[in-house]
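Counting starts at 1 for both ligands and their atoms, in listed order.
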Amino acid sequence: MAVTWLDDIRATDLETVGGKGASLGELTAAGLPVPPGFVVTAGTYRDFIEGAGIDDELFAAMDIDSEDSKALAGAQERAYELIMGTPMPEEVREEILETYRAIGGDEEAFVAVRSSATAEDLPDASFAGQQETFLNVREEALLDRVKECWASLFSQRAIYYRNQKGFPHHEVDIAVVVQQMVDAEKSGVMFTSHPSTGEPRVIIEAAWGLGEAVVSGAVSPDNYVVDRKTGEVVDVTVADKKLMHVKDEATGETVEVEVPEEKREERVLSDEEIGALVELGEQVEDHYETPQDVEWATVDGEIFMLQSRPITTISDNAVDAAASEAAANGGSEQAQGSGDVLLRGLGASPGIVSGSVRIVTKLDQLDKVAEGDVIVTEMTMPDMVPAMKRAAGIVTDEGGMTSHAAIVSRELGVPAVVGCGSATRELTDGQIITIDGDKGTIREGKETNDVKEREPVEDMRPKTPVKPMTATEVKVNVSIPEAAERAAATGADGVGLLRIEHMVLSLGMTPEKYIKENGERAYVDEIVEGVRTVAEEFYPRPVRVRTLDAPTDEFRQLPGGEDEPKEHNPMLGYRGIRRSLDKPDIFRHELEAFRRLFDMGYDNVEMMFPLVNDAEEIYRVKELMRSAGVDPEKRDWGVMIETPASALGIRNLAEAGIDFASFGTNDLTQYTLAVDRNNENVADRFDELHPAVLELIGSTIETCRELGVKTSICGQAGSKPKMVRFLVDEGVTSISANIDAVRDVQHEVKRVEQKLILDSVR
Ligand code: PEP
Ligand code: MG
C-alpha cells in the first residue's frame, strides 16, 4: 500500500506517516471533524528511490563540502533532477490518483499537499523539509507536487544540517499528506483556555471566508468569550469586517474581496455554532490533556478542524505556578529525565535547544561558530550578531534581561540564557549541552524531545487568524534592522522603540572614527539605511526612532574606543542626550538622517530622545533640530522617561513641546532602586513592578493625560502581563513589547479593556 487514509492512522504511526500525518490522524481517530485525506507513506518514497535505483546516486551527490555554497546548491539541484526526472511506478501513480478521486469525487477537487517529516530526522524535524506545502492542487499537478515534497528532503538547508551533524542522508524519510481543501464560509481560531491566564474560558475569533484575511491583518474578527463552567457566552464583540478572502473558482487562487454591506457588521457565529465549537474545543483539550489553540472553518454549517496545537503563551504567573508545582514534585529537570543541570542563569530568550559549545572570547574567533552551535561568551557585542544568527543558542556569563545578548537573541528568535556567572570557565569547547531559555538552565547532553526550532518569519505571523482589536495600541521593539520583517509580521501597531545604537556599534568602530575614515556622508547614509529598512517594513505604521544611547564601556571595546573617557560607572556617565548635547557635531548627523528620511517620504518616522532629565535639554534639542532642517512643530517627537527627574518634571517637559513620553523601565527601575540592570548579582532586586517605580509611572500618565501628551512604555517590562494590566488601567496610550510577546500582550490588553468597559456599565 502506497497510501493510508487519515482514519486508519494513530499517533504511534509517526515513523510511517510523519509528524503532521500522525497528528491529523490522531485528531480524526479522536472523532474530531478533520477534512478527509490520506498520507503517501514514507515507505512509498523509500521504495521509489530504491526501486528506480536512484538512491546511491542521490546520496553520493550529498557528499560535498557544505561550507561551499555553490556545491550545496549543486547537490540540491541534482536531487531535484533525479527525483523529478524519475517516473513513479505505475501502480503507485494509480493508487494515489484513485485515493485522491475518492476524496473529492472527481479530478477537479482541490487538495492541499504537505510534507510530513518522519521521526528519524529528529532532533530537528523541520530540516527534513517539512515546510514544503502546496495549496489548491488538482489532479493534473498532484503527482508532481508529491515528488516535490520528496525532493524538499534535499533542500540546501537540510543537506547542510545533516552533513554538519554527521547525520546519514539515507536514514531520513518523508511522508506526504494529501487533504481536502476547505472552502470556508467562516473561519477562525479558538483558544480552549485563556491564552494568557489559563482560565477556563474559551475564546473564539471568527471572520467571513478563509482564514488568510485575518492572518494578514486585513480584517479584525469578531470575538466571543465563553465561560466553560457555565457554558454561557459572556462576551461578544462584533467587528466591522470590511474584507474577506475567498477562492476564485476559475483559477483556484485565493483572492481578497469586499464583504457585502449587510454582512459587514453582522455577527459571524450564532450561539448554536459557538456551542458546537466549544464542545469540540473541550473534546480536543481533553484528548491532549492540555489547552489547545485550534484552527477551524465551516462549510455548509459543518465545522472542520484544520489544526490543533498546545497554547504556548500562558502567562508568567501560570508558568510560575506550573514550575513551582514541578519543583514540589522533586524538580522539573529530573522529572523530564534529561541530563544534569550544569549551570543556571536568567532565561532571556525562550526555547529549548541542544548544540555543541563554542567558547567565544575574542571577536576574531567568531568564524569558528558554525550553524547549530551554542555560543558561550562573557557578553555578546554588536559585532557578534552574524555569528548569533548562525547559532542555535546563546549563553553568557554576564548580563541581565536587558543586556545586549538578551535583547538581540529575542529579536533573532535564538534561545538564550544570560548571567550564568562562570559558563565560559565551566563549559568546554565541543561539549554537548541543552539550554532552556525559559527556565534559564544549562543541562548536560542532548535533549531528544521537545527541541524547539527557531521560528521562521512565517511563524511570527499571529499563529492564529486573530488580531485582537485594542484601544490601547500594541507596538513592538526593534534593535536590529534584520529583525524588521519578523517584527512587522507580528501585526503590531508600529515600532515603539527602534534602538539606533546596535546599528551604529555594528559599524565596527566609534562614530567619531568612522566619520574620520569614511566621511560624514557615509555615516549619515548608514543611519538612513538602517532606519529606512524598518520604516519601510512598517509603513504607514509609526516607527519611533531613538537617538544614540550607548554607554562608553561599549564604545571603548571598539576601534576608536581609546579616545572614550574611562568611567567608573558608565551607566551613570557619558551617555544618552547628555552625550549628544555635549557633542552636537556628531549628534547633528542623526538629525540630518531624520531630515533625509522625511524628505524621502517616511512621514511615519518619529524621533525620541533618551535619558532626558529636564526641559532645558529639550529646548537645546529643538534648536539643533531646526538647524538640521527638521521642524519640531511639524514632526512627532518625544522623550524617554528613564530617570525619576524626568518623571517628576513631566509638566516642564510637556511645556517644552513633546508629543509623547515613553517609559524606559530598564533605566527607570535601575535609577529608582539603585540596582545596576546589567549586574547579574543583583538581578533578583531588579523589580520593575516595585511600588516606587509604579508610582512614578502612574503619576506621569495622569499628568500626561491632563496635558494631552501621549504615553507609552518601551522597556522590557512592557512584555510582562502585570505591567500591562497596570498600564492599561492607568490609561497608557500604547505599549511596546518584544517580538515574541506581542501576541500575548494584545490579548492581555484586550482583556483589561473589556473588564474596564464591563466595570463602567455595571
Ligand atoms: C529602557 O531604559 O527601558 C530602554 C528601553 O532603553 P535601553 O534599554 O536601550 O536603555
Ligand atoms: Mg534606557
Side-chain angles (χ1 to χ4, degrees), residues 346 348-349 379-382 399-411 418 475-480 483 487 494-506 543-555 569-580 590 606-613 617 638-647 660-679 683 686-690 693-694 696-697 700 711-720 723-724 727 732 734-739 741 745:
L346 304 168
S349 175
M379 177 37 69
T380 60
M381 281 289 295
M401 295 295 278
T402 66
S403 59
H404 179 269
I407 291 169
V408 173
S409 53
R410 272 195 299 270
E411 288 191 13
V418 302
K475 300 184 182 177
V476 63
N477 297 333
V478 178
S479 289
I480 44 178
V495 173
L497 168 64
L498 172 57
R499 287 186 175 92
I500 210 174
E501 52 272 14
H502 293 258
M503 243 176 258
V504 171
L505 289 167
S506 66
V543 173
R544 229 164 242 184
V545 183
R546 187 182 69 184
T547 58
L548 197 58
D549 181 14
T552 50
D553 54 335
E554 288 190 17
F555 281 133
N569 200 331
M571 276 300 183
L572 299 176
Y574 196 51
R575 57 171 287 211
I577 203 68
R578 53 185 86 152
R579 178 187 177 112
S580 298
E590 294 169 55
E606 303 177 350
M607 297 165 285
M608 179 155 72
F609 304 103
L611 218 69
V612 165
N613 265 338
E617 291 162 330
V639 296
M640 306 264 306
I641 301 295
E642 290 170 296
T643 64
S646 60
F660 59 83
S662 182
F663 300 105
T665 41
N666 306 336
D667 280 318
L668 185 60
T669 305
Q670 135 166 298
Y671 298 132
T672 305
L673 304 180
V675 174
D676 178 350
R677 58 189 266 187
N678 279 344
N679 182 342
F686 187 81
D687 177 14
E688 298 117 317
L689 297 160
H690 189 287
V693 178
L694 296 184
L696 288 169
I697 294 176
T700 305
T711 50
S712 184
I713 182 172
C714 59
Q716 170 66 17
S719 300
K720 296 190 169 176
M723 180 60 95
V724 171
L727 291 170
V732 79
S734 67
I735 290 177
S736 193
N738 301 328
I739 295 180
V745 170

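By the salt bridge (Lys or Arg N to Asp or Glu O under 4.0 Å) test, Glu554 pairs with no residue at all, sequence neighbours left out. Scored by the salt bridge (Lys or Arg N to Asp or Glu O under 4.0 Å) test, Glu617 finds no partners at all (sequence neighbours excluded).
One N or O on the side chain of Ser736 and one on the backbone of Val476 form a donor-acceptor pair closer than 3.5 Å. Using a distance-only test at 3.5 Å, with no hydrogens or angles considered, no donor-acceptor pair links the side chain of Arg579 to the main chain of Gly573. Checking side-chain atoms of Thr672 against main-chain N and O of Thr669 turns up no donor-acceptor pair under 3.5 Å.
For ligand 1, the polar-atom distance check finds no N/O of Asp549 at less than 3.5 Å from any of the ligand's N/O atoms. Taking only nitrogen or oxygen atoms, main chain and side chain alike, Thr665 reaches within less than 3.5 Å of ligand 1.
In terms of protein heavy atoms, atom 6 (O) of ligand 1 is closest to Arg546 NH1, 2.8 Å. Atom 10 (O) of ligand 1 has Arg677 NH1, 2.8 Å as its closest protein atom, hydrogens excluded (heavy atom only).
Near Cys714, meaning under 4.0 Å from any of its heavy atoms, are these atoms of ligand 1: 5 (C). The ligand atoms of ligand 1 that sit less than 4.0 angstrom from a heavy atom of Gly664 are 1 (C), 2 (O), 3 (O). Heavy-atom proximity to Met640, at under 4.0 Å, picks out these atoms of ligand 1: 4 (C), 5 (C), 6 (O). Every atom of ligand 1 with a heavy atom of Arg499 under 4.0 Å away is listed here by number and element: 4 (C), 5 (C), 6 (O), 7 (P), 8 (O), 9 (O). Remark: ligand 1 atoms within the under-4.0 Å shell around heavy atoms of Asp667 are 1 (C), 2 (O), 3 (O), 10 (O).
Distance check, rounded to the nearest 0.5 Å: NE2 of His404 to CG of Asn678 gives 11.5 Å. Considering CD1 of Ile500 and CE of Met608, their distance stands at 11.0 Å, rounded to 0.5 Å. A distance of 9.0 Å separates OG1 in Thr665 from CG in Leu689, rounded to the nearest 0.5 Å. The SG atom of Cys714 sits 7.0 Å away from atom CZ of Arg546, with the distance rounded to the nearest 0.5 Å. Rounding to the nearest 0.5 angstrom, the gap separating the OG atom in Ser349 from the CG atom in Asn738 is 9.0 Å. Once rounded to the nearest 0.5 Å, the distance linking CZ of Phe686 with CG of Asp676 reads 9.0 Å.
With a 4.0 Å cut-off on non-hydrogen atoms, Leu497 touches ligand 1 through its side chain and not its backbone. Contact annotation: for Glu642 versus ligand 1, heavy atoms closer than 4.0 Å belong to the side chain alone. Here Met608 has no heavy atoms under 4.0 Å from ligand 1, in either its backbone or its side chain.
Pairs engaging residues 399-411 under the salt bridge (charged side-chain N to carboxylate O under 4.0 Å, His left out) rule: none recorded [sequence neighbours left out].
If you count the protein N, O or S atoms nearer to the Mg ion (ligand 2) than 2.8 Å, you get 2.
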